[in-house]
Peer 1: 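What follows is a single structure, and I will ask about it in a moment.
What's counted below: heavy atoms across the whole structure, side chains too, no hydrogens, waters or symmetry copies. Atoms within each ligand, like the ligands themselves, are counted from 1 in listed order.
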Amino acid sequence: MGKAFLPSTLLSFFFFLWFLLLVFLTEIECTVKYDAKSIVINGQRRILISGSIHYPRSTPEMWEGLIQKAKDGGVDVIQTYVFWNGHEPSPGNYNFQGRYDLVRFLKTVHKAGLYAHLRIGPYICAEWNYGGFPVWLKYVPGISFRTDNQPFKSAMQGFTQKIVQMMKNESLYEPQGGPIILSQIENEYGPESKAFGSAGHNYMDWAAKMAVGMQTGVPWVMCKEEDAPDPVINTCNGVYCDAFTPNQPYKPKMWTEAWSGWFTEFGTTIKNRPVEDLAFSVARFIQKGGSFVNYYMYHGGTNFGRTAGGPFITTSYDYNAPIDEYGLVREPKYGHLKEFHKAIKLCEDILVSADPNVTSLGRYAEAHVFKSKNGDCAAFLSNFNSKSFVRVLFNNMHYNLPPWSASILPDCRNVVFNTAKVGVQTSQMQMEELSNLKSLYWERYDEEIGSLSEGNSITAVGLLEQINVTRDISDYLWYITSVDLSPSENFLHGGKSPILTVQSAGHALHVFINGQLSGSSYGNRKIKRISYSANANLRAGSNRIAFLSVAVGLPNSGTHYESWNTGVLGPVMLHGLNEGTRDLSWQKWSYQVGLKGESMNLNSLESASHAEWMKGSLIAQSEQPLSWYKAYFDAPTGDEPLALDMGSMGKGQVWVNGKSIGRYWTISAPNGDCNECTYAETYRTWKCQSGCGQPTQRWYHVPRSWLQPTRNLLVVFEEVGGDAMKISLVKRSTTIICGHMSEFHPLVENWDIDSENEVENLHRPEMHLHCDVGQTISAIKFASFGKPLGTCGNFVQGSCHSTNSQTILEKSCIGKQECVVSVSVDTFGDPCPNLLKRAAVEAVCSTFAQLTP
Ligand SMILES: *[C@@H]1O[C@H](CO)[C@@H](O)[C@H](O)[C@H]1NC(C)=O
Ligand SMILES: *[C@@H]1O[C@H](CO)[C@@H](O)[C@H](O)[C@H]1NC(C)=O
Ligand SMILES: *[C@@H]1O[C@H](CO)[C@@H](O)[C@H](O)[C@H]1NC(C)=O
């Protein structure tokens with residue numbers, strides 16, 4: 001403010017006050033707008049780091065801790081979808097309780113001082129059952145999903161209006177003083193829009209207008225929709241988004257889904273994404289002017305109940321996210337991103353005030369330089385070479401850039417962070433078996449095979465589509481028919497056995513002939529169809545053929561997926577009879593929705609005690625298909641997250657105290673390549689896999705808050721056969737932590753110590769090791785300052801080793817929750833002068849401090 005405003009008379013003094021008041025009022029007016037650079041909150045441009053946490057994928061008791069961890073990790077915004085089918089299970093009946101308490105979730109975000117991005121959809125994809133749509137929506141007369149169709153548009157508008165009104169009622173939008181700064185309508189509509197032609201385009205325009213008309217006071221985005229009409233912002237989803245530009249020069253460059261990992265399908269490996277590459281992808285986006293990045297997922301969580309979509313999406317939705325399924329931080333992913341976010345925040349004011357000036361620093365290297373009006377300067381130096389370091393000259397200084405990385409210089413001089421130099425510890429989680437489930441008293445209840453309950457079963461000529469019959473109130477539908485055979489059939493007199501063939505549209509099929517399991521067949525996410533073919537053990541006279549057709553989550557994406565079929569649609573044929581082949585497809589079939597145990601509510605606390613369960617030794621007869629098991633257990637002490645180890649079982653569902661833990665299935669991933677993993681390359685999901693040859697999902701999260709101190713009811717429904725007595729409860733904790741760090745700067749082996757112009761990390765390297773709260777470091781399994789080799793869990797001493805390494809680490813760390821050791825010759829002495837040395841440490845975290853031998 002200049003001299004012109006200095007008061008010389010009383011009058012001008014009042015004008016001055018008036019002016020101040022005006023400035024003040026404009027400043028405090030709560031608005032969320034955007035311009036070409038960024039989202040503008042209350043007049044301020046922001047670089048926003050966002051993280052997806054989906055409220056129904058954890059419990060309300062977990063929300064506060066998860067959100068606080070996100071905040072501590074440098075996240076500004078929590079992004080969530082809104083889950084229509086969870087909120088409106090039947091038309092007009094709403095559920096905003098428990099895990100679906102959206103308002104409570106958003107208030108928790110607000111209380112933590114974070115913003116929210118509400119992706120209403122209502123189509124959400126999300127590997128969620130039916131992409132978030134209630135199944136009843138399909139049966140609204142004349143409906144066609146996600147296109148210019150009146151019944152669909154009315155339903156979509158109705159739900160969107162309901163959510164927006166609820167948010168307004170609760171003052172949850174930022175201009176009302178709430179946390180919501182952004183909304184989303186539709187979801188990844190671009191590819192559909194092309195398939196639907198002009199009807200798609202009209203619908204997309206309508207959706208944008210409908211949303212904007214709701215006057216939320218905050219901007220709307222459409223992700224993956226390049227035609228998003230003004231004022232809706234089109235945003236990017238993907239593994240990398242640096243090449244993305246919004247469809248108008250006055251819209252900010254936003255990344256709504258930066259994939260931190262990937263979802264998991266039953267029968268496949270786990271997909272992991274190295275944090276070095278994830279951080280590099282985000283640095284590349286920001287250095288090209290991006291101002292909003294959301295990690296999808298920041299905490300993935302669990303698909304409890306039958307909420308997993310797909311089909312074949314696992315119950316775990318861990319997503320290799322910075323916070324794991326159980327709510328524990330995943331290191332080094334969490335910590336490295338946290339350091340990264342700090343570095344970005346140091347540059348925030350400069351990044352939002354100018355466009356970058358990009359200059360080449362060689363074949364693979366670039367400098368992106370941002371300068372504010374007052375001359376402040378921030379730079380990103382990046383090396384796109386995936387094979388080697390480059391040494392670049394920038395502002396008359398030399399910098400070494402590791403392969404496939406970016407360095408951040410908040411003052412255009414000092415490097416505070418490099419995306420490939422991981423200074424934080426690595427943690428290894430372990431599932432530790434608890435002894436208290438070992439001697440449980442199990443009881444069994446045998447499901448009736450193909451029983452038809454009166455008044456509840458239907459009969460039809462021909463084969464019916466499964467969801468049309470079940471309306472998805474159960475995964476299970478029985479298809480039952482009978483086959484009469486003459487005693488003169490050849491196969492009854494030493495001839496070849498007849499063969500039954502069944503074609504099903506999915507997802508899993510169990511075939512019973514005369515009450516015996518004859519075989520099972522499964523689809524997978526790519527080939528949903530099932531072809532079953534096996535010898536049929538038939539007899540003279542009447543034979544009862546019963547199929548249990550099982551849904552494994554309804555599709556969540558695909559053009560007009562509402563028209564896709566599930567269940568045994570045939571043909572069903574019996575080959576090798578005297579008459580040749582008999583087509584059973586057009587016989588009379590009886591249908592029963594769900595299991596007898598489901599109709600009896602065997603999983604509930606009230607009913608479990610009434611049914612006639614078999615006790616004791618009778619149940620030893622294991623591997624029995626279609627069996628219910630129950631046992632009571634006491635909650636283990638402590639507060640580590642818990643899981644059920646279902647490794648001894650086949651496929652089914654599991655409940656604790658009447659609450660569904662989810663579908664379980666111990667099908668294994670193929671024996672593929674689980675060793676290939678370099679961060680320094682374009683990420684593909686076949687890289688960095690884990691779990692080759694192992695069950696895709698062996699452990700199932702049991703939220704602590706679902707337990708009472710004693711007598712918790714565990715109920716399991718097993719489809720094909722397993723050994724329930726081997727089910728165990730495990731606790732998850734960090735057991736091994738590793739630090740691996742160079743005495744000057746990690747990874748740079750070709751460091752030129754003589755060069756005077758080098759400027760690198762300001763602080764001397766310090767190794768920080770920390771266990772979870774409630775744990776202490778109980779042992780140092782490995783320590784070497786010198787030239788150690790290997791990775792966490794497999795470290796070995798190299799040619800150069802300081803013999804006091806172990807003692808120094810033990811002195812500094814044993815018995816402590818966290819410790820810090822300076823990685824330098826001052827601490828360890830110099831075992832090999834003139835060589836760049838590093839320290840590698842593997843430590844053990846324990847709940848109770850143990851004395852080391
Ligand atoms: C919002 O509040 C009004 C007035 O109290 C109420 O009638 C309406 O049902 C509320 N709407 C929602 C969606 O909660
Ligand atoms: C961008 O940087 C180059 C190299 O430092 C410089 O020559 C050029 O003038 C800069 N351009 C702008 C628009 O600042
Ligand atoms: C669904 O079932 C009804 C009868 O319940 C039938 O009229 C209709 O044709 C079926 N639709 C499909 C797609 O199978």
Side-chain angles (χ1 to χ4, degrees), residues 29-32 52-61 63-64 67 77-112 114-124 126 128-140 143 145-146 150-187 203 206-222 231-232 307:
E29 186 198 351
C30 290
T31 60
V32 184
S52 284
I53 300 178
H54 293 157
Y55 51 98
R57 284 177 158 145
S58 55
T59 60
E61 291 77 10
W63 292 344
E64 196 175 337
I67 291 164
V77 182
I78 302 296
Q79 188 202 65
T80 183
Y81 281 124
V82 176
F83 297 78
W84 187 0
N85 52 12
H87 291 305
E88 198 177 353
S90 62
N93 290 319
Y94 292 100
N95 172 22
F96 290 95
Q97 303 294 309
R99 287 186 292 120
Y100 290 97
D101 193 342
L102 174 58
V103 168
R104 173 171 168 188
F105 180 76
L106 292 168
K107 287 185 173 169
T108 310
V109 170
H110 193 44
K111 205 175 124 208
L114 298 185
Y115 294 124
H117 179 195
L118 195 67
R119 304 172 87 188
I120 298 178
Y123 170 69
I124 59 169
W128 191 259
N129 198 45
Y130 226 37
F133 286 144
V135 171
W136 54 258
L137 192 65
K138 173 177 172 175
Y139 300 99
V140 170
I143 206 156
F145 286 4
R146 303 178 74 199
Q150 201 50 51
F152 178 76
K153 290 193 296 185
S154 308
M156 172 168 168
Q157 179 161 4
F159 182 70
T160 307
Q161 181 76 57
K162 168 101 186 165
I163 295 300
V164 167
Q165 193 54 51
M166 179 178 279
M167 299 300 106
K168 286 184 180 174
N169 277 9
E170 300 283 346
S171 294
L172 288 169
Y173 286 106
E174 205 278 345
Q176 301 174 290
I180 306 171
I181 53 162
L182 279 171
S183 252
Q184 177 178 304
I185 195 74
E186 251 295 340
N187 187 53
Y203 160 70
W206 167 84
K209 279 203 191 72
M210 182 269 285
V212 172
M214 292 195 181
Q215 312 270 355
T216 60
V218 304
W220 289 85
V221 306
M222 280 184 162
V232 176
T307 61

Peer 1: Among all protein heavy atoms in this structure, tell me which lies nearest to atom 13 (C) of ligand 1, with the distance rounded to 0.1 Å.
Peer 2: Lys162 O, 3.5 Å
Peer 1: Can you list the ligand 1 atoms lying under 4.0 Å from a non-hydrogen atom of Gln165?
Peer 2: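 So the answer, numbered in order with elements, is 11 (N), 13 (C).
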Peer 1: Looking only at protein heavy atoms, which one is nearest to atom 2 (O) of ligand 1, and how far off is it?
Peer 2: Asn169 ND2, 2.2 Å
Peer 1: I'd like to know if Glu170 and Lys107 make a salt bridge, using a cut-off of under 4.0 Å between side-chain N and carboxylate O.
Peer 2: yes
Peer 1: Going by side chain to side chain contact (heavy atoms under 4.5 Å, CB included), His117 matches just one of Ile180, Val109, Val221, Val218. Which one?
Peer 2: Val221
Peer 1: For Gln97, is the CD atom crowded, meaning more than 12 foreign heavy atoms sit under 6.0 Å from it?
Peer 2: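 Count not over threshold, so no.
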Peer 1: Can you check whether a protein heavy atom sits less than 4.0 angstrom from atom 5 (O) of ligand 1?
Peer 2: no
Peer 1: Looking only at heavy atoms, what is the nearest atom pair of Trp63 and Gly98, with distance?
Peer 2: CH2-O, 3.5 Å
